[in-house]
K.L.:
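Below is one structure. I have some questions about it.
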Amino acid sequence: MSGGGGGGCSIVWFRRDLRVEDNPALTAGVRAGAVVAVFIWAPEEEGQYYPGRVSRWWLKQSLAFLDSSLRNLGAPLITKRSTDSVSTLLEVVKSTGATQLFFNHLYDPLSLIRDHRAKEVLTSHGIAVRSFNADLLYEPWDVNDAHGQPFTTFSAFWERCLSMPYDPEAPLLPPKRIIPGDISRCPCDTLVFEDEFEKASNALLARAWSPGWNNADKALTAFINGPLIEYSRNRRKADSATTSFLSPHLHFGEVSVKKVFHLVRIRQVLWANEGNKAGEESVNLFLKSIGLREYSRYISFNHPYSHERPLLGHLKFFPWVVNEGYFKAWRQGRTGYPLVDAGMRELWATGWLHDRIRVVVSSFFVKVLQLPWRWGMKYFWDALLDADLESDALGWQYISGTLPDGREFDRIDNPQFEGYKFDPNGEYVRRWLPELARLPTEWIHHPWNAPESVLQAAGIELGSNYPLPIVGIDTAKARLQEALSQMWQQEAASRAAIENGTEEGLGDSSESAPYTFPQDIQMEENLEPVRNNPPSAPRRYEDQMVPSITSSLLRIEEEETSSDLRNSAADSRAEVPINVNVQQNARVTLNPGAAVLQSPHSNARLQQNNGATELRITAEDSTAESSSSGRRERDGGVVPVWSPPTSSFSEQFVGDENGIGTSSSYLQRHPQTHEILNWRRLPQTG
DNA sequence: CGACATTTGTA
DNA sequence: ACAAATGTC
């Protein structure tokens with residue numbers, strides 16, 4: 001396994017494993033001889049999930065740290081700008097004379113496809129390709145129930161993980177030094193991660209966060225030595241500095257989960273020996289949140305659609321309220337519910353939110369406002385520093401009640417009560433909603449009930465400097481009931497239609513006139529959300545239209561932007577290629593031998609017609625996404641930018657074999673979803 | 001010590 | 001809202 005005498009070096013392809021310690025691909029590369037470390041920035045490949053501003057900021061910092069560590073070890077990080085990672089890899093291989101490629105696994109749907117293709121293409125060029133597990137305690141395909149089937153509930157999954165017959169592998173030490181490959185003919189591209197606007201907005205982030213693997217290590221140590229022991233007691237506090245703050249580090253793989261697991265476990269044994277029950281329990285709870293991260297990859301691998309369609313099919317028939325006024329009020333933190341609003345303001349200003357508050361605001365979004373969950377998920381994607389497709393998809397599905405072990409649909413959490421639970425003294429609300437700062441705790445989570453005199457004393461005029469509740473909880477409950485009964489009706493009708501052989505189970509009504517967002521959703525300072533008005537916007541049965549992302553970077557880099565993007569390109573925005581429909585989505589060019597991943601229900605599958613498949617998303621798509629976004633400064637933070645409508649989503653694979661409904665839940669349907677993309681079928685080492 | 005009440009936590 | 005865990009007599 002060493003060098004192989006051929007003299008060719010190895011490429012180590014860094015992605016979301018931006019660390020030198022416990023990096024199996026890097027270790028393998030170093031063992032094999034000379035190494036060329038590469039990072040390819042090809043955000044257009046992410047289509048709609050082009051990374052948000054804060055996420056890109058983090059990546060930039062993190063790469064700088066990685067580069068300097070690699071340099072210290074002997075080989076710099078080669079950075080490449082690309083719209084097609086695989087062909088760029090090929091170029092790098094050619095210009096360096098490499099004979100091997102090493103990388104670590106990713107499990108989001110896009111990466112599964114891209115990496116699969118990378119293996120195929122590079123292998124066909126005579127390159128030895130090997131990939132490794134660097135992101136998880138156990139590979140998804142190694143965790144199965146007694147019948148060899150994937151788990152479908154978290155607790156069963158996690159129980160199994162914790163009782164596997166073998167422990168997760170011990171973390172690898174960083175290499176002592178790296179022999180550099182020949183990069184004389186492989187120049188770096190300068191990567192641009194932020195434009196001038198964004199730079200200004202991002203300046204503040206550095207005060208609160210320190211990206212990079214060495215800082216990740218510090219954060220981990222600080223957490224284990226500090227807040228961990230109190231985790232079980234404190235984890236419910238919205239305002240806490242008691243979380244690990246590891247999530248962005250983990251997202252970019254600056255610290256390995258295996259290392260976290262091992263260190264935390266060691267501490268647990270220690271506490272157990274001391275009879276420290278609280279400490280022991282704290283570790284269990286913290287590990288559970290690590291487990292959820294694992295589970296999100298597990299779900300994504302087994303159901304590569306989970307980021308865009310409900311796992312339990314009935315939600316497909318939920319009549320979502322398509323109301324951009326609600327949506328805007330939610331984003332701005334002007335719903336009239338202090339806990340929700342405080343959360344949204346914090347997110348807006350810092351790109352961060354405590355897990356509890358994520359649940360509160362997303363649950364409010366889905367249950368009270370009844371907005372399509374994918375909008376919310378997309379907003380999180382754009383705004384969160386630790387935006388993570390798999391984790392966020394899991395979270396939103398959990399909230400929406402489309403997981404077997406998720407929250408029930410018909411349950412509305414009352415933000416007022418949750419407020420007193422998670423923020424009993426109102427400190428959190430006061431910090432993020434200065435307009436309520438003078439309100440006594442008694443009323444802080446339900447100002448609408450406060451006596452006029454109290455409001456006056458606190459300088460609050462409801463409906464003027466703080467909104468009345470956008471929707472009353474009772475109204476929301478009634479509406480939710482109504483919507484749910486509609487949903488079940490639709491579901492039943494659809495099933496009946498399928499049984500009658502009327503193939504088109506889903507009412508085509510929804511497909512005919514795709515709703516589009518208003519052109520420009522600006523962050524207006526004093527927008528007053530309408531109160532309790534029945535949703536003026538139509539309800540719709542498909543939840544597929546996701547307001548698009550903003551990528552102002554592209555605006556700068558690609559000058560070719562056409563004049564009227566909104567109408568042309570915006571309608572045909574590149575989607576996550578999973579659902580690419582060639583006819584409809586003209587912008588997504590499927591080059592000869594299109595790779596098309598089909599519905600999970602018809603067994604997700606990468607179809608390849610001939611060897612060199614290529615799925616390319618043209619630059620125009622993303623450029624289009626950058627148009628018409630409003631931005632405004634706002635106390636310290638910067639308002640996340642929101643841009644206009646997105647395409648209709650091509651969820652046309654309507655007539656899934658089994659129909660869609662609870663009776664034929666995905667539990668029974670998922671069998672071979674992963675067969676094709678299963679890594680087991682790919683050369684596996686490590 | 002078991003039957004029953006109360007509290008708690010809910011991926 | 002509910003099931004599990006914990007507390008009480």
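Convention: sequence-line order gives letters A, B, ...; per-chain numbering from 1.
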K.L.:
Out of the candidates A:R297, A:R19, A:R15, only one should pair with A:D135 under the salt bridge (charged side-chain N to carboxylate O under 4.0 Å, His left out) rule; please name it.
P.N.:
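Result: among A:R297, A:R19, A:R15, A:R297 is the only option passing the salt bridge (charged side-chain N to carboxylate O under 4.0 Å, His left out) with A:D135.
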K.L.:
By ring pair (Phe, Tyr, Trp, His ring centres under 6.0 Å), which residues pair with A:Y138, not counting sequence neighbours?
P.N.:
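Partners of A:Y138 by the ring pair (Phe, Tyr, Trp, His ring centres under 6.0 Å) criterion, ordered by chain and then number, come out as A:Y166.
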K.L.:
Tell me, please, which residues at least two apart from A:W57 pass ring pair (Phe, Tyr, Trp, His ring centres under 6.0 Å).
P.N.:
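Ring pair (Phe, Tyr, Trp, His ring centres under 6.0 Å) check on A:W57 returns nothing, list empty.
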K.L.:
Not counting sequence neighbours, which residues clear ring pair (Phe, Tyr, Trp, His ring centres under 6.0 Å) with A:F364? List them please.
P.N.:
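If we apply the ring pair (Phe, Tyr, Trp, His ring centres under 6.0 Å) test to A:F364, skipping adjacent residues, the hits are A:Y337.
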K.L.:
Dot-bracket, 5' to 3', for DNA chain C please: Watson-Crick or G-U pairs under 3.5 Å, [ ] where pairs cross earlier ones, | where the partner sits on another strand, dots elsewhere.
P.N.:
|||||||||
K.L.:
Considering only nitrogen or oxygen atoms on both sides, find all protein atoms under 3.5 Å from nucleotides 9-11 of chain B and state each distance.
P.N.:
{"from": "B:dG9", "atom 1": "OP2", "to": "A:R236", "atom 2": "NH2", "distance (Å)": "3.0"}
{"from": "B:dA11", "atom 1": "OP2", "to": "A:K288", "atom 2": "NZ", "distance (Å)": "2.8"}
{"from": "B:dA11", "atom 1": "O3'", "to": "A:D405", "atom 2": "OD2", "distance (Å)": "3.0"}
{"from": "B:dA11", "atom 1": "N6", "to": "A:D355", "atom 2": "OD1", "distance (Å)": "3.1"}

K.L.:
Figure out the CG/P separation between A:D413 and C:dC2, and round it to whole Å.
P.N.:
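Nearest whole value for this atom pair: 14 Å.
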K.L.:
Could you give me the CA-CA distance, side-chain angles and deciding distance for A:N425 and A:T441, then say whether side-chain hydrogen bond (donor to acceptor under 3.5 Å, both in side chains) is met?
P.N.:
CA-CA 6 Å; A:N425 303 316; A:T441 303; 5.6 Å; no
K.L.:
Quick one: ring pair (Phe, Tyr, Trp, His ring centres under 6.0 Å) partners of A:H251, sequence neighbours excluded?
P.N.:
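So A:H251 forms no ring pair (Phe, Tyr, Trp, His ring centres under 6.0 Å) with any residue.
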K.L.:
Does the side chain of A:F409 come within less than 4.5 Å of A:S400's, by heavy atoms?
P.N.:
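No, too far: nothing below the 4.5 Å cut-off.
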K.L.:
Using a strict cut-off of less than 4.0 Å between a Lys/Arg side-chain nitrogen and an Asp/Glu carboxylate oxygen, indicate whether A:K378 and A:D382 qualify as a salt bridge.
P.N.:
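Judged by the 4.0 Å cut-off on N to carboxylate O distance, A:K378 and A:D382 do form a salt bridge.
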K.L.:
Distance between the P atoms of B:dA11 and C:dT6, in whole angstroms?
P.N.:
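Rounded to whole Å, the distance is 16 Å.
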